[in-house]
Amino acid sequence: MKSKILTLGTLLIATTLVVTACGGNSGNNNAANSSAGTDNSASDSSNANASSGNSNSGAASDEKITLKMMHLWPDGSNSAQNKMVTDIISEYEKANPNVTIDTEVLENEQYKNKLKVLSASNDLPDVGFTWAAGFMDPYVNGNMFAPVDDLLQGELKDKFVAGTTEAYSFGGKTYALPVELNIVPVYYNKEIFAKYNLQAPKTLDELKTVIKTLNDNNVTPITLGGKDAWPSSFWYMYLADRIGGPDVMDKAVASNDFNDPALLDAAKQAQELVNMNAFVKGYNGLSNEEAKALFMNEKAAMFAMGTWEVPNYTTSPDVPQAFKDKIGYFKFPTVDGGKGNVDDWVGGPGVGLFVSQNSKHVDEAKKFVSFFVQKWGEHSVTDAGVIPATKVDTSTVKLPPMFIDLLNELNKASKVTLYLDTQMKPGASDAHHNLVQALLGKAVTPDEFIKKQDEALKAGK
Amino acid sequence: MNTVMSNKRIIALYVLPSLFLILAIIYVPIVLTGYYGLMNWNGIGKPSYIGLANYKTLMHDSVFWHSTFHSLLFALLSTLCLILYLAVALVLSGKIRGANLLRKIYLIPMLLSSVAIAQLWLKVYHPTNGILNGLLEKLGFHHTPEWLADPHIVLYAIFIPILWQFAGFYILIYYAALKNIPASLVEAAKIDGANALQVALRIKLPLISEVIKVTIVLAVVGSLKYFDLIYVMTDGGPNQASEVMASYMYHKAFREFDFGYGSAIGFFLLIICLVATWVIRRLTATKDTIQYS
């Protein structure tokens with residue numbers, strides 16, 4: 001009897017543990033569920049496709065069409081975007097009763113993996129999201145994406161912010177249409193700055209003084225998710241831009257030559273920041289989410305991150321207003337004697353919509369993509385706090401000041417350098433991730449950093 | 001019934017479904033992996049045949065050998081830990097108070113998913129808010145380690161949760177094996193004057209030697225191909241300081257789009273596992289198995 005009670009008790013504990021463990025992952029569960037759901041409907045839709053293919057003679061507009069779409073905003077972690085996608089789809093379905101759109105949602109990394117697996121089996125969804133430049137390269141070379149230039153020349157002409165669609169074009173053809181545009185400001189906690197009489201730094205030397213003062217007072221100056229590597233790349237990129245000027249990185253990637261002296265200087269400056277203890281303790285073991293949590297809990301004074309974070313400091317209902325009021329941003333400081341301009345930004349279009357080359361309904365899919373991009377542009381800033389790649393008229397929309405400021409920054413930006421890891425091909429990009437980790441972890445010297453990055457670029461993978 | 005069982009066609013009919021499944025989801029992929037290993041393939045376009053070039057690159061790839069070393073080190077550590085698990089199982093199988101409860105407590109980590117365990121230990125290791133560093137600071141240490149960011153520590157820091165995760169599994173196996181030893185043998189030894197340690201080393205251990213061999217194979221092969229917890233906790237970083245063979249394979253195939261090379265690593269991993277199994281079987285081979293009676 002006694003042992004039975006024990007067994008029951010342990011079982012109970014075990015179940016609670018398992019259940020709580022699952023609770024933390026509800027976002028993933030949702031994604032898994034919904035993907036399981038769409039798998040069924042996918043087979044349905046392929047049946048439907050097959051039958052409609054047989055009865056080809058019917059009128060085109062009455063033909064029942066199912067478009068399959070994959071996106072990367074699960075309800076749990078990106079509810080605002082998720083809702084917008086759902087809304088736009090239902091709007092489209094209402095306007096086009098013969099079209100049904102099936103969505104499959106996967107979280108970022110799983111999304112990338114699934115996209116790859118699907119393309120290997122020639123089974124891409126009709127419409128989906130892709131990242132720009134290097135990420136797309138194998139897909140475009142494998143003839144997986146259909147060119148969308150007809151849309152750009154047609155109803156979407158002049159709708160995009162200048163220079164955003166270029167990141168998706170190869171050999172003069174554009175293969176995807178961007179929906180987001182982000183730049184990377186440095187957010188800072190105004191209350192912490194005020195407490196130690198600090199001003200938002202305008203030059204690198206001022207930034208160093210700020211870091212020193214904060215360290216002297218036992219405040220973490222900068223929080224950084226070095227485990228994910230791409231946040232570290234922001235710091236390196238800005239230093240490279242401010243020292244070497246707006247074109248130094250673009251040129252390095254385009255010519256596969258990473259030997260510009262400015263790039264070496266930037267690496268040295270990055271390690272100098274590390275030597276000053278600029279970054280939070282153990283940053284190379286922290287994910288971006290963990291690093292962000294430190295900033296949100298006011299355990300760190302500065303955080304350089306894309307404008308996708310802005311809702312957390314303006315509109316998000318989950319963040320207390322008192323915290324939002326404390327947050328400001330500054331442009332990355334200039335370096336004395338450097339060629340970079342304070343209005344150069346690191347950033348770029350995020351994901352873009354592609355149409356599968358092998359889709360049975362390329363024209364319908366393109367029509368939907370065009371609709372989606374326009375609707376997204378109308379709703380994204382006001383509803384989700386996402387900056388679209390299409391032009392926004394700041395005078396007509398009502399937005400929090402930080403948004404207006406950043407949209408205006410974007411309008412007067414002298415240059416937006418696309419994230420290095422996005423610019424590079426997958427092999428060099430992965431090497432870049434490892435190398436910035438090593439650089440900021442002081443596992444390599446600046447010279448080795450340059451040499452290895454150069455080799456990775458020259459390998460051409 | 002007998003006529004059914006003697007009809008070879010019917011036997012084949014019953015065996016076929018599972019045979020087909022095993023072929024389709026285990027053996028065919030293995031052969032395909034070997035085949036893709038001979039290709040230059042980004043996973044999307046058309047593969048092109050390049051012979052053994054991937055394997056030649058592999059031989060000179062320092063990062064690969066680096067990660068192989070990590071995997072082998074981990075296999076060694078998990079094998080050594082088996083001694084600890086065995087000791088715990090020996091104590092538990094003795095008639096001590098609360099053995100049943102303890103056994104269940106040891107088993108709980110196994111019921112959790114790797115991701116949950118990884119999240120749990122990420123919190124433990126957090127450099128500023130983690131309970132481990134919090135504890136160390138209370139004890140008076142000022143320069144607490146950056147567990148997952150320091151390339152010299154990170155590998156060991158992630159081994160610990162993995163060993164913890166599987167402790168219950170091995171303890172359970174040993175415990176079951178030890179419980180299977182007839183009490184009469186132990187009693188006979190005691191009557192002959194053997195003390196508890198002698199009973200454990202001379203009577204119990206030889207009797208469960210077959211089980212021990214199996215667990216060594218499980219531990220070694222399991223460690224060599226281990227992936228999930230490392231993927232969640234460090235993703236092989238920082239700067240590949242905690243990269244193991246499986247995570248390196250994943251990075252090559254899915255991050256760098258070098259599917260051919262990734263497949264070559266996968267195939268090599270398979271060969272290493274097979275060799276390891278074979279070596280262990282040879283090393284632990286005994287001519288006659290010990291019987292209870």
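Reminder, nothing fancy here: chain letters follow the sequence lines and each chain counts from 1.
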(message) Just to be sure I understand the criterion: a residue of residues 437-459 of chain A counts if one of its heavy atoms is under 4.5 Å from a heavy atom of chain B. Which ones qualify?
(response) A:Gln437, A:Ala438, A:Ala443
(message) If you count every heavy atom of other residues, nucleotides or ligands that lies below 6.0 Å from B:Lys225 atom NZ, does the total exceed 12?
(response) no
(message) Less than 4.5 Å to any heavy atom of chain A: does that hold for the side chain of B:Ala253, its backbone, both, or neither?
(response) backbone
(request) Check each atom of A:Val436 against the heavy atoms of chain B and say whether the ones under 4.5 Å are side chain, backbone, both or neither. (result) neither
(request) Mind checking the CG-CG spacing from B:Asn40 to B:Asp258? Nearest 0.5 Å is all I need. (result) 6.5 Å
(request) Could you tell me whether B:Tyr250 and B:Tyr231 have their ring centroids closer than 6.0 angstrom? (result) yes
(message) Could you walk me through whether B:Ile160 and B:Tyr125 satisfy the side-chain contact (heavy atoms from CB on, under 4.5 Å) test, starting with their C-alpha distance in whole Å, then the side-chain angles of each, then the deciding distance to 0.1 Å, before giving a yes or no?
(response) CA-CA 11 Å; B:Ile160 288 169; B:Tyr125 283 138; 3.9 Å; yes
(request) Might you point out which heavy atoms bring B:Met59 and B:Phe268 nearest each other, and give the distance in Å? (result) CE-CE1, 3.4 Å
(request) Using the side-chain contact (heavy atoms from CB on, under 4.5 Å) rule, take B:Lys252 and B:Glu256 through it: C-alpha gap first, then chi angles, then the decisive distance, then the call. (result) CA-CA 5 Å; B:Lys252 279 291 169 192; B:Glu256 301 188 16; 2.9 Å; yes
(request) Report, by ascending residue number, the residues of residues 236-247 of chain B in heavy-atom contact with chain A at a distance under 4.5 Å; give 'none' if the set is empty. (result) B:Gly237, B:Pro238, B:Asn239, B:Gln240
(request) Anything in residues 219-235 of chain A with a heavy-atom distance to chain B below 4.5 Å? Please list those residues in order. (result) A:Lys227
(request) Let me know if B:Phe259 has heavy atoms under 4.5 Å from chain A in its side chain, its backbone, both or neither. (result) side chain
Under 3.5 Å, which donor-acceptor pairs do the side chains of residues 290-302 of chain A form with other protein atoms, sequence neighbours left out?
| from | atom 1 | to | atom 2 | distance (Å) |
| --- | --- | --- | --- | --- |
| A:Glu290 | OE1 | A:Ser287 | N | 2.9 |
| A:Glu290 | OE1 | A:Ser287 | OG | 3.3 |
| A:Lys292 | NZ | A:Glu309 | OE2 | 3.4 |
| A:Asn297 | ND2 | A:Ala293 | O | 2.8 |
| A:Glu298 | OE1 | A:Asn189 | ND2 | 3.4 |
| A:Glu298 | OE1 | A:Lys326 | NZ | 3.0 |
| A:Glu298 | OE2 | A:Lys326 | NZ | 3.0 |

(request) Could you look at B:Asp150 and say if it's the side chain, the backbone, both or neither that has a heavy atom under 4.5 Å from chain A? (result) neither
(request) Using modelled atom types only, decide if a donor and an acceptor are shared between the side chain of A:Asn256 and the backbone of A:Gly460 within a distance under 3.5 Å. (result) no
(request) State, to 0.1 Å, how close B:Met110 and B:Phe169 come at their nearest heavy-atom pair, and which atoms those are. (result) SD-CB, 3.0 Å
(message) Quick check: closest heavy atoms across A:Leu286 and B:Pro127, and the distance to 0.1 Å?
(response) CD2-CD, 3.7 Å
(request) Identify the heavy atoms of B:Lys179 and B:Ser93 that sit nearest to each other, and give their distance. (result) NZ-O, 3.6 Å
(request) Quick one: pull up CZ in A:Phe354 and CE in A:Met144 and give me the separation to the nearest 0.5 Å. (result) 10.5 Å
(message) Among A:Gly282, A:Ala431, A:Gly142, A:Ser429, which residue has the highest count of heavy-atom pairs closer than 4.5 Å to chain B?
(response) A:Gly282
(message) Can you give me the closest heavy-atom contact between B:Val63 and B:Asp61, atom names plus distance?
(response) N-OD1, 3.0 Å
(request) Indicate the atoms forming the closest heavy-atom contact of B:Ile162 with B:Phe74, along with that distance. (result) CG2-CZ, 3.4 Å
(request) Output yes when B:Arg255 and B:Asp235 qualify as a salt bridge under the 4.0 Å nitrogen-oxygen rule, no when they do not. (result) yes
